[in-house]
Amino acid sequence: MARVKRSFYLRPTLTVAKDLLGKNIVRKIGNRKLKARIVETEAYLGPKDMAAHTFGGKVTKRNKTVFKKGGHIYIYLCYGLHWQLNFVTRKKGVPECILIRAAEPVSKRKIVGKTNGPGKLCRWFGLDKSFDKEDLVNSKRIWLETDGDKIKKSQILSSERIGIEYAKEWARKPWRFYLRNNSFVSRK
DNA sequence: ATTCGGATTCTCT
DNA sequence: GAGAATCCGAATA
């Protein structure tokens with residue numbers, strides 16, 4: 001298993017969103033490692049995307065991490081109780097990112113908790129505000145690994161993104177990607 | 001200083 | 001399917 005390199009995150013966001021499927025998130029806590037394979041993502045495409053926090057290109061206290069170069073973590077609190085894990089993409093100054101909505105635990109022994117939703121995923125991994133601005137390329141406590149297995153195109157489905165009805169025509173963009181027949185996907 | 005509401009989840013019906 | 005839980009960032013003044 002090799003750590004995913006910077007160049008992976010600098011590519012077009014929709015490409016990265018699809019390529020993230022099948023990658024393992026590795027979270028190191030003490031001398032334990034939690035691993036889960038990404039099965040569902042959503043792309044948020046910067047200033048033009050009304051559903052994105054960076055809509056209009058305005059830099060705010062919350063969204064400024066998204067303007068960093070690809071490979072950083074953007075995490076924020078939603079509805080007052082759920083953390084949402086995002087990976088920043090593209091070069092510095094291009095505010096695009098990908099929401100990780102669900103993953104499938106890769107582990108010998110049973111680990112309590114669910115990972116089939118963005119809030120649940122963060123709780124399972126023990127993520128919070130302190131992970132904002134974390135660099136997946138260098139971090140000692142969280143990163144991405146690939147085993148080289150490529151997900152076949154035929155296994156990837158797309159749909160409209162979830163929970164952004166207010167975003168008018170942008171709400172209809174098919175920028176959610178997930179693995180076919182995977183029981184950890186948050187919704188059909 | 002105050003108000004508003006959300007990239008969700010859980011519980012109960 | 002509906003409603004609640006619960007916080008902070010962002011917008012308004």
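It should be emphasised that the depicted structure is a prediction, and the values quoted were computed from it without experimental measurement. Proteins come first, then strands; the chains are lettered A, B, ... in the order of their sequence lines, and each starts at number 1.
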Joint hydrophobic cluster, A:Ile164 plus A:Ile100, side-chain heavy atoms closer than 4.5 Å: no
Short side-chain N/O contact to B:dG5 OP1/OP2 from A:Tyr166, under 4.0 Å: no
Nearest-angstrom distance from the residue atom OH of A:Tyr76 to P of B:dG5: 17 Å
A:Thr89 side-chain N/O to A:Glu96 backbone N/O, donor-acceptor pair under 3.5 Å: yes
Side-chain donor or acceptor of A:Arg90 paired with backbone N/O of A:Leu45 under 3.5 Å: no
Partner of A:Leu144 by side chain to side chain contact (heavy atoms under 4.5 Å, CB included), out of A:Val26, A:Leu20, A:Asn24: A:Leu20
Length of the line joining A:Phe55:CZ and B:dA7:C1', which is rounded to integer Å: 15 Å
Secondary structure of DNA chain C in dot-bracket form (Watson-Crick or G-U wobble, distances below 3.5 Å, | marking inter-strand pairs): |||||.||||||.
Side-chain N,O (A:Arg176) to OP1/OP2 (B:dA7) below 4.0 Å: no
Atom pair CZ (A:Arg62) and CG (A:Leu77), whose distance is rounded to the nearest 0.5 Å: 10.0 Å
Using atom names, set out every protein N or O paired with an N or O of nucleotides 5-7 of chain C below 3.5 Å, distance rounded to 0.1 Å.
{"from": "C:dT6", "atom 1": "O2", "to": "A:Tyr79", "atom 2": "O", "distance (Å)": "2.5"}
{"from": "C:dC7", "atom 1": "O4'", "to": "A:Gly80", "atom 2": "O", "distance (Å)": "3.2"}

Heavy atoms of other groups near A:Lys129 NZ, more than 12 under 6.0 Å: yes
Protein-nucleotides 10-12 of chain C N/O pairs closer than 3.5 Å?
{"from": "C:dA10", "atom 1": "OP1", "to": "A:Thr60", "atom 2": "OG1", "distance (Å)": "2.2"}
{"from": "C:dA10", "atom 1": "OP1", "to": "A:Arg62", "atom 2": "N", "distance (Å)": "3.2"}
{"from": "C:dA10", "atom 1": "OP2", "to": "A:Lys61", "atom 2": "N", "distance (Å)": "3.2"}
{"from": "C:dA10", "atom 1": "OP2", "to": "A:Arg62", "atom 2": "N", "distance (Å)": "3.1"}

Atom-to-atom span, CG of A:Leu121 to C1' of B:dT9 - whole angstrom: 14 Å
Whole-Å distance separating the CZ atom of A:Arg187 from the P atom of B:dA7: 13 Å
Same cluster (ILVMFWY, side-chain, under 4.5 Å), A:Ile38 and A:Ile73: yes
Aromatic stack A:Tyr44/B:dA7: centroid gap under 5.5 Å, interplanar angle under 30°: yes
For residues 111-121 of chain A, dump all side-chain donor-acceptor pairs below 3.5 Å to protein atoms at least two apart in sequence or in another chain.
{"from": "A:Thr115", "atom 1": "OG1", "to": "A:Ala103", "atom 2": "O", "distance (Å)": "2.6"}
{"from": "A:Asn116", "atom 1": "OD1", "to": "A:Lys120", "atom 2": "NZ", "distance (Å)": "3.1"}

Within one Ile-Leu-Val-Met-Phe-Trp-Tyr cluster: A:Val66 and A:Ile75, side-chain cutoff 4.5 Å: no
Sugar-phosphate, base or nothing in reach of A:Gln84, heavy atoms under 4.0 Å: sugar-phosphate
Expected output: side-chain A:Asn182 to main-chain A:Phe184 donor-acceptor under 3.5 Å: yes
Residues A:Asp19 and A:Arg11 bridged, charged N to O under 4.0 Å: yes
B:dA7 and C:dG1, which share atom name P, separated by this distance in whole Å: 23 Å
Sugar-phosphate, base or nothing in reach of A:Ile164, heavy atoms under 4.0 Å: sugar-phosphate
Transitive ILVMFWY side-chain link A:Leu14 to A:Val16, under 4.5 Å: yes
Write out a two-atom table: protein N or O, nucleotide N or O from nucleotides 10-12 of chain B, distance below 3.5 Å.
{"from": "B:dC10", "atom 1": "OP1", "to": "A:Arg123", "atom 2": "NH2", "distance (Å)": "3.4"}

Euclidean distance for P, C:dT6 against B:dT2 (whole angstrom): 23 Å
Residue pairs passing the side chain to side chain donor-acceptor pair (under 3.5 Å) test where at least one lies in residues 69-82 of chain A, sequence neighbours excluded: A:His53-A:Tyr74
Main-chain N/O of A:Ala43 paired with A:Arg161 side-chain donor or acceptor, under 3.5 Å: yes
